[in-house]
Amino acid sequence: MRVDVYIDEERSEGELRSLQGWLGQEPEVRRAAVLTLREKSAEPGSMGGVLDVLQLVTGNGWSAASFVLSVAAWRQTRPPYRRFPASAPPPRSTAPP
């Protein structure tokens, strides 16, 4: 599964690096996910070049609850944010039709 985390702030790159470091210290996240900073698709006319998405790619041993608790703990150490969206593709059914 892939989860993209965005911070809608001017300082998003520094904050995403902080979150990446925080999550990298969590044993369960280190074991079950790969954390990558990347640029989201640039809008036409923008210069780009800013890392503004923290992407987690997880395997079968992934615990979404553990991830949410880790992010909540990290947010308590940061100034308040207006928006902190995260997205993941919808789950696919594995049951036969």
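Heavy-atom basis, side chains included; hydrogens, waters and symmetry copies ignored. Throughout, residue positions are numbered sequentially from 1 according to the sequence presented.
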Arg17 vs Leu37 side-chain heavy atoms within contact, under 4.5 Å
yes

Could you list the residues that satisfy side-chain contact (heavy atoms from CB on, under 4.5 Å) with Thr36, not counting sequence neighbours?
Val34

Rounded to the nearest 0.5 Å, what separates atom OG1 in Thr58 from atom CD in Glu28?
11.0 Å

Interatomic distance, Glu13 atom CD to Gln20 atom CD [nearest 0.5 angstrom]:
10.5 Å

Between Arg30 (side chain only) and Gly24 (backbone N and O only), is there a donor and an acceptor less than 3.5 Å apart?
yes

side-chain contact (heavy atoms from CB on, under 4.5 Å) partners of Glu26, counting only residues at least two apart:
Trp22, Val29, Ser70

Do Val5 and Leu19 have side chains that get closer than 4.5 Å, going by heavy atoms?
yes

Can you find a heavy atom in the side chain of Leu23 that is under 4.5 Å from one in the side chain of Trp74?
no

Side-chain heavy atoms under 4.5 angstrom apart, residues restricted to Ile, Leu, Val, Met, Phe, Trp, Tyr: same cluster for Val57 and Val68?
no

